[in-house]
Amino acid sequence: MLTAVLSWQEALAREVEARYGLRLPSDEVPFTFPPGPELGDAATPLAFALAKRLRRAPAQIAGELAGVALEGVREVRAVGGYLNLFVDRAWALSALLGGGFIPASRGGKTIVEHTNINPNKAAHVGHLRNAVLGDTLVRCLKHLGRRVEVQNYIDDTGVQVADVVVGFERILGLRVFDIRNLIGICASAPHLPPDLQEQMSIWQNHLNSLSISFPQHLADPQQTAALLVSCCGRFDFFCWELYAKVGPWYEQSEENKKARLETLHRMEQGGNETAEMAALIASEMVRCHLRTMERLGIRYDVLPHESDILKTGFWAACFEKLKASGAVHYVPEDSEEKNRGCWVMALQESDEFRGMSDADKVIVRSNGTVTYIGKDMAYQLWKFGLLGRDFHYRPFGHGIPDYPEVWRTDWRASGEGAPSFGAGERVVNVIDVRQSYLQKIVKEGLRQMGHPEEAERSVHFAYEMVALATRFVKEEIAKGAKFGLSEEELKKPFVEMSGRKGLGFRADALLDRLEDRAATEIENRAPELAKTEIHERARALATAALRYYMLKYGKNQVVAFDLEQALAFEGETGPYLQYAVVRAANILAKGRERGFAVPDPGAAEGLLREIPEALPHLDEEAWGVLTLFLRTPNVVHQAVESLDLNLAARHLYEAAQAFHTYYHAFPVLQEENAEKRRARLLTVALFARLLRESLEKLLGIPVPERM
RNA sequence: GUGCCUGUAGCUCAGUUGGAUAGAGCACCUGCCUCCUAAGCAGGGGGUCGUGGGUUCAACUCCCGCCAGGCACACCA
């Protein structure tokens, strides 16, 4: 009722002015939704606000205002000072089905950046929260008619990639050729039997045929097979394990420590095997991440690569702007200041940074290299089309079946038919709250470079991190895992994840667990089902469980990841919402079997045609379910404005809950009165359509036919 | 030290322009599957909304103080 509420606010503001001579901005007419359907479909406590200014009782004012005529409202009732609005139901439903409550879109493109996983290890549950929040925001924005571009930033030049390169090159002694083989082996991973011994022998056979290419540590097929078994034959899992070994390896000697810098330098120089290896690892890792996110229905438009930001001259252009605007200044090498030899941004004059002990931020190091924050400013300028340059683009070449091509940036020349990206009107960066300080600096940079409007339209979508519930970590330790945690750390309620320590729950491992559990449940209910069908349904359940789990918490709440809670399918979970739709669909299917005239939830016209005849016979409780959907556009709008996406998730949960209750109290097919039955069938069909559509379009939760 | 965030039922959490009786899930107890799938429903126990002030017709919600916890404040990203 987004547009409807706007018109009601205006009408009420006019009414107040005409009746009392009070000028009231229409957006100050408060609107709420009543706790129960007997109190109407929408309500305003406007009379309370007027009571003081008019020096009269709210109930009296409400009684006078109740005579106002409002579009689509069949009755305005004054109750205890409130004005309760009862809508014309046919009008409301047809507006809802026809998208009539969504305001006309206003041009500009919103760029949403999310996921941004360092391409050196497998994605973990923390990355899932980021991606689910980002993707849900994208879906909600699109639902409201906004143009959206999804960017997934790839930092392919940083130390994190260098570390895993060190692992491959120095610890395992592999060359590019070997890594290509390893990737090949993983890609052609056989469908693994559950038995570990069998798995081992399969991997060993694989490796034997290739072992000549594994010169040192991996030459022992026994050891390598064991590692591959523990990694499920996944390249990103392999890197996860390897990355955790690099930290301790650096600690072993000064020489080892030097390997990191040497590797970084060789990567930056390019044109050598180390750089080639880094690029290979990064691109394969991105492929792994795309695959992981695809399991959840999360996709991207473009993958901007950090290496291209440098090679395309973005940074050089940004640096010029920074210098020209005076946003950065050089600290002479012979000065006494601590940042001597650096280009720094002064922040102490800005309100946002008041009270900081040292408000200067180094942008260019004394050795002439640019910091991450500098590159991020260049990237941000480009997103707003303020850099005067663009990337080139080519297909990423992910090779994932049934998945449209994703574009990646390039610094040389664009591929054929390459679209262009960037130049958005609004930018939302989905990054966890620990980066708030840096995001603030990026925003301040825009302002100081003379782009205050863009700075205002640059939004950091900050959310709290995902940590691991200590209870869960202790269980893992009991099973033999070693994370090097102190007693002190294990006394706290949660433990922060750390890729460096290998401490975290991998996204694909969680999805596997969810799918296994779902498959078991499905098989218990329908043992005759084909394996492929079971798998398909299990996948939908796993997606729902995970997406809802990541969405149900407020963004400022630390999610202490707990496997038991994440694996739940009962209560307030994704499958509960799916089940409501499946139930509704079942009633309709059974109804069709019994020869009743059943409206098709997929066909809006049919539903609309049914409305005038069936609506008068609707039970009030049925309307109580349907009226919740009238609020959806308002809830989504609010969720997007405040970036509290849990509002949307919980709203749909309430709708599902209302239907489950209705389902038990009102038999549909057993109802003997034909008119009532018809009205109930319509209720069920409308519900099935509205919840299915909302789950898929807003939350990215697919609904299986049966479960 | 400075800034941001959090504190609501045994546990995990909702409660959003201040408004109708402080809710949900889990756990626990009692019922409901010859009846449209029990991944469900109905009912029960369980609350000084961290704490002390203030503003207001009205405060979990806004303001100030205090207590407890988390995060951030690099020439790392």
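Every chain is numbered from 1 and lettered A, B, ... according to where its sequence line falls, protein lines coming before strand lines. This structure is a prediction, so every number in the text was calculated from the model and none was measured.
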Could you please name the option among B/A77, B/C36, B/G40 that lies closest to any side-chain atom of A/Q435? B/A77

Which nucleotide sits closest to the side chain of A/R650: B/A74, B/A77, B/C13? B/C13

Phosphate contact ([N] OP1 or OP2) by [X] side-chain N/O below 4.0 Å:
X      : N     : value
A/R583 : B/A38 : yes
A/Y576 : B/C41 : yes
A/R594 : B/C36 : no

Could I get the full list of ring-ring contact (aromatic ring centres under 6.0 Å, His included) partners for [X], not counting sequence neighbours?
X      : value
A/H114 : A/Y300
A/Y576 : A/Y653, A/H660
A/Y372 : none

What pairs with [X] under side chain to side chain contact (heavy atoms under 4.5 Å, CB included), at least two apart in sequence or on another chain?
X      : result
A/E564 : A/R471, A/D562
A/A49  : none
A/E28  : A/L24, A/P25
A/V635 : A/R631, A/L647, A/H651

Within 45 degrees of the ring normal and closer than 6.0 Å to the centroid, is that where the cationic atom of A/R680 sits relative to A/F666? no

I'd like to know if A/N524 reaches the base of B/A39 with its side chain, counting only an N/O donor and acceptor under 3.5 Å. no

Please write out each protein N/O paired with an N/O of nucleotides 55-61 of chain B under 3.5 Å, distance rounded to 0.1 Å.
none

Heavy atoms only, 4.0 Å cut-off, all strands: where does A/G81 land among base, sugar-phosphate and nothing? nothing

What is the nucleic acid contact for A/Y372, judged by heavy atoms within less than 4.0 Å: base, sugar-phosphate only, or nothing? base

Whole angstrom value for the distance that separates [atom2] of [N] from [atom1] of [X]:
X      : N     : atom1 : atom2 : answer
A/I441 : B/A77 : CD1   : P     : 12 Å
A/K555 : B/C4  : NZ    : C1'   : 13 Å
A/E464 : B/C13 : CD    : P     : 11 Å
A/I587 : B/C41 : CD1   : P     : 14 Å

Dot-bracket assigned to RNA chain B with the 3.5 Å Watson-Crick/G-U criterion, [ ] for crossing and | for other-strand pairs, is (((((((..((((.....[...)))).(((((.......))))).....(((((..]....))))))))))))....

Check nucleotides 25-33 of chain B against the protein and report each pair of N or O atoms closer than 3.5 Å, with its distance, or say if there are none.
none

So the ring pair (Phe, Tyr, Trp, His ring centres under 6.0 Å) pairs with at least one residue in residues 540-565 of chain A (sequence neighbours excluded) are A/F472-A/F561, A/F505-A/F561, A/Y549-A/Y553

If you restrict it to nitrogen or oxygen atoms, what contacts under 3.5 Å exist between nucleotides 42-45 of chain B and the protein, and what is each distance?
{"residue": "B/A42", "atom": "OP1", "partner": "A/T661", "partner atom": "OG1", "Å": "3.4"}

Using 30° and 60° as the class limits, which term best fits the ring planes of A/Y663 and A/F659: parallel, tilted or perpendicular? tilted

